[in-house]
Novice: 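What follows is a structure written as structure tokens; I'll ask about it next.
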Amino acid sequence: MQVMADLQLLYQALCTESRAELQECLLSRLSNTNVRSPIGHGIPCQHQRLDLTGESLTTNSCTVLGKLLARDDTYKELVLANCMLGEEGAKNLLSALCSSTSFMLLDLKGNSLRSEAAAAIGKFLRHSTSVKCVLLEWNALGVSLDGFSLLAEGIGSTSSLVRLDLSNNQIGPQGGINLGEALSHSSCLCELDLRWNNLGMLGGRAVLEGVAKCRTLCSLKVSGNDIPGDILRAIEQAVRYNTGRGDVERDSQLQSRVLMTEMEFLKGEKQNQFLDLMRTIESQREEMAKSSRVASSQLSQLQEKLAEQTSTINNLTVRLRLAESGMSLAEQERQNLAERLQLAEIGRLELRSVLQGQLDAEREESKQHEASLHEDLEEERGTNAQLRQQLTDLAKQLKAEQEQLLGHREEQIRAMAGLNLQLEQAERKLEEERRRMRKVQAEADLFRQKELQAAMQAHSEVEKALTDKNQQIQLAKLELQEELGKAKSAAIASRAEAEQELQRIRSEEKREEHGVVMRLEERLRTLTDARDTLQVQLSRQEQVTGEVQTHTACLAADNAALGIKLANVNKELMGKQEQAMLEVTKVRLELQQRIGHLEAELTKQEGLEEKVAVLERQLKTQARNHRDLLLESETQIEQLNVKLHEREVEACRARDDEARRARALQSAMASFLRSIPTASQDGT
């Protein structure tokens with residue numbers, strides 16, 4: 001209500017400004033509203049409407065009303081049917097409405113408008129950007145050819161007019177020609193009413209030509225114009241053709257929007273899947289790098305510990321050599337130390353086997369990672385297959401719709417066989433446009449197929465590279481297993497030979513000892529002084545034995561520390577240490593027994609000294625052979641470490657190749673995703 005009061009005040013102010021007489025009928029109508037709109041064809045109808053039907057408005061009132069509607073956008077529709085506006089009043093009203101940007105409907109029925117009003121209406125249509133409907137029934141706009149030509153120019157140049165009513169306006173053949181030319185330039189007119197005029201045959205033909213060029217015109221009424229029946233039928237056929245074409249275009253646009261929406265959705269899904277795959281690959285790559293670093297650090301630590309144990313064994317060997325310069329009774333102790341050295345070597349080999357097992361476990365984990373990558377690739381391949389199936393279904397749907405569209409168009413072509421030469425030319429142009437669209441569609445489909453083939457080829461290359469890498473790793477694993485088996489067999493054989501030699505020496509020593517005992521009994525008395533000397537040497541040897549036991553304790557402590565760090569090897573090392581201690585105790589008992597025999601057989605010491613010299617030489621020979629075996633074992637270990645390093649370098653190179661192929665696949669998928677919008681636009 002406040003808005004209506006403001007309009008009344010504005011109307012009064014404009015009347016005072018223009019010195020016009022205030023009309024009560026107009027003032028009262030400004031307070032009433034109506035939201036019903038007769039525009040139709042999808043035009044919104046929720047606007048204010050000013051209905052002055054049957055009111056007699058003066059020229060000044062028309063001028064004031066035009067200024068009012070131009071200044072205020074409350075009213076979108078104006079109805080002035082049967083108001084007897086006159087030429088001057090209509091001209092002033094339309095001149096003021098030219099500046100309005102929100103006016104939508106103008107009804108000027110039954111106002112006897114002629115040439116000047118026709119020119120004003122044409123000017124209004126040229127300048128207005130919002131008017132949708134103009135009703136001009138029961139006027140005389142076609143009387144003046146010049147004025148109606150200006151009106152026709154406005155109809156042809158308007159960019160917003162949807163409905164126009166020119167029935168009963170005395171439009172002649174020349175006016176029909178002007179209308180036909182205007183229709184050929186119109187791009188928005190949908191409804192046109194030309195009933196009960198005088199178009200005749202010439203005007204009807206001109207209107208027919210205009211309808212053939214105006215693709216938006218879907219409703220045309222031309223009855224009561226003395227137009228021949230064939231032209232009327234041609235006009236009806238052209239209007240139906242425009243209607244069908246409009247429906248087809250709307251359906252095509254709707255389908256295109258649906259397809260574009262589907263393509264955008266597929267593009268988003270594909271991009272998300274690709275990003276998920278890349279994130280998975282990156283995480284797996286990081287995990288592999290992390291596991292490789294951990295395995296390398298563990299291997300380096302174990303190698304350092306192995307080097308420390310080797311140095312400890314070397315120190316023990318040096319001390320054993322020093323102990324060889326003692327009395328002959330320490331020979332058994334040295335042999336015990338040699339056996340302990342062999343046990344340590346066996347422990348080292350077992351430790352190396354444990355390390356090899358850990359390395360195999362790391363390789364198994366790497367193999368599992370590769371298997372997971374294969375599974376991801378299989379899932380990606382399945383996703384690609386689903387996407388290709390979806391694209392195939394969409395292509396089939398599009399093809400079916402195209403075939404249906406072609407069928408409708410062929411029916412239209414058969415129905416339009418009776419049209420004149422101009423309609424046939426238009427049909428040929430339409431056929432050329434169809435062929436071009438089919439060609440563009442075929443090119444787009446070919447482009448999509450090429451992109452899909454490129455993506456599939458990239459997937460196959462990555463899969464082949466992973467397969468080759470797996471085969472190489474398996475071959476390397478088999479080679480390392482063979483070399484490890486050979487090294488183990490060689491170590492076992494050398495150990496068996498050393499044990500056989502030791503048993504042989506012990507048996508010979510026992511036999512010779514038994515024979516010497518009988519001879520030494522005769523010289524027992526003469527060797528009393530030698531006994532004292534041997535006791536002194538025995539005390540020295542006990543000191544050496546204590547030092548050896550101290551170093552043995554250090555070695556046991558080192559082995560215990562190594563067992564704490566390596567939980568799986570701890571039990572075995574402790575068991576071996578217990579065996580070593582038992583053997584040491586046994587050797588001590590044997591040495592004590594031997595010392596008792598030697599105290600009883602001091603007279604036979606000279607023969608024993610010779611035997612000791614022989615045994616020392618044999619022990620040196622065995623120690624030299626043992627050192628050679630140790631050197632060979634260390635050489636083999638170094639060779640295996642070198643080969644292991646080479647395999648690790650090959651594995652790193654394979655991981656780099658895999659990363660490079662993954663980046664190539666990523667770039668290929670990115671180019672494929674970037675090409676999808678281009679292909680969609682070409683298809684549209």
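In this text, all values refer to a predicted model and were calculated from it rather than measured experimentally. Starting from 1, each residue takes its place in the sequence as its number.
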Novice: Could you please spell out the steps behind the side chain to side chain contact (heavy atoms under 4.5 Å, CB included) verdict for L78 and L93?
Specialist: CA-CA 11 Å; L78 177 61; L93 175 65; 4.1 Å; yes
Novice: Under 3.5 Å, side chain of E87 to main-chain N/O of E116, donor-acceptor pair present?
Specialist: yes
Novice: Are the side chain of N139 and the backbone N or O of N111 linked by a donor-acceptor pair below 3.5 Å?
Specialist: yes
Novice: Is there a side-chain contact between L108 and V134, using heavy atoms and a 4.5 Å cut-off?
Specialist: no
Novice: Look up atom CG in L69 and atom OG in S100, then write down how far apart they are to the nearest 0.5 Å.
Specialist: 7.5 Å
Novice: Test your reading of the model: is there a side-chain donor-acceptor pair from N242 to the backbone of R240, 3.5 Å cut-off?
Specialist: no
Novice: Just wondering, are more than 12 heavy atoms of other shown residues or ligands nearer than 6.0 Å to CZ in R279?
Specialist: yes
Novice: Of the non-hydrogen atoms in T216 and S187, which two are nearest, and what is the gap between them?
Specialist: CG2-O, 3.5 Å
Novice: How many angstroms lie between CD1 in I121 and CZ in F148, if you round to the nearest 0.5 Å?
Specialist: 10.0 Å
Novice: Atom CG of L105 and atom CZ of R163: how far apart are they, to the nearest 0.5 Å?
Specialist: 8.0 Å
Novice: I'd like to know if the side chain of S223 and the backbone of R195 have a donor-acceptor N/O pair within less than 3.5 Å.
Specialist: no
Novice: Look at the side chain of S160 and the backbone N and O of V131, then say whether any donor-acceptor pair between them is shorter than 3.5 Å.
Specialist: yes
Novice: Quick one: do L65 and L52 satisfy side chain to side chain contact (heavy atoms under 4.5 Å, CB included)? Show the steps, please.
Specialist: CA-CA 11 Å; L65 180 60; L52 299 174; 3.8 Å; yes
Novice: Main chain of E153, side chain of S157: is a donor-acceptor contact present, judged purely on distance under 3.5 Å?
Specialist: yes
Novice: Could you walk me through whether L150 and K123 pass side chain to side chain contact (heavy atoms under 4.5 Å, CB included), step by step?
Specialist: CA-CA 8 Å; L150 295 175; K123 180 181 178 182; over 6 Å; no
Novice: Backbone N or O of V239 within a donor-acceptor pair of the T243 side chain at under 3.5 Å?
Specialist: yes
Novice: Could you tell me which non-hydrogen atom of A212 sits nearest to which non-hydrogen atom of R245, and how far apart they are?
Specialist: O-NH2, 4.4 Å
Novice: Are the side chains of K213 and L183 in contact, using a 4.5 Å heavy-atom criterion?
Specialist: no
Novice: Rounded to the nearest 0.5 Å, what's the gap from CG on L164 to CD1 on I155? Could you check?
Specialist: 4.5 Å
Novice: Do any N or O atoms from the side chain of S184 and from the backbone of E181 form a donor-acceptor pair under 3.5 angstrom?
Specialist: yes
Novice: Working to the nearest 0.5 Å, report the span between CG of L179 and CG of N197.
Specialist: 8.5 Å
Novice: Please check if the side chain of N92 supplies one atom and the backbone of T63 the other of a donor-acceptor pair under 3.5 Å.
Specialist: no
Novice: Looking only at non-hydrogen atoms, find the nearest pair between A206 and G176 and report the distance.
Specialist: CB-O, 3.6 Å
Novice: Under a 3.5 Å distance rule, please check whether N198 uses its side chain to pair with a backbone N or O of G200 as donor and acceptor.
Specialist: no
Novice: What I'd like to find out is whether the side chain of L220 reaches to under 4.5 Å of the side chain of V207, using heavy atoms alone.
Specialist: yes
Novice: Quick one: CG on L161 to CE on M104, what's the gap to the nearest 0.5 Å?
Specialist: 11.5 Å
Novice: Please name the pair of heavy atoms, one in L85 and one in A90, separated by the smallest distance, quoted to 0.1 Å.
Specialist: CB-N, 4.2 Å
Novice: For the residue pair S18 and K67, what are the closest heavy atoms and their distance?
Specialist: OG-NZ, 3.5 Å
Novice: Would you say T53 and D51 are linked by a side-chain donor-acceptor pair, where the criterion is simply a distance under 3.5 Å?
Specialist: yes
Novice: M260 and R257: side chain to side chain contact (heavy atoms under 4.5 Å, CB included), yes or no, with the steps?
Specialist: CA-CA 5 Å; M260 287 298 295; R257 286 194 295 270; 5.6 Å; no
Novice: For the residue pair F124 and L106, what are the closest heavy atoms and their distance?
Specialist: CE2-CD2, 4.2 Å
Novice: With a 3.5 Å cut-off and no angle check, do the side chains of S144 and D146 form a donor-acceptor pair?
Specialist: no
Novice: Are any of the side-chain heavy atoms of I171 and L141 separated by less than 4.5 Å?
Specialist: no
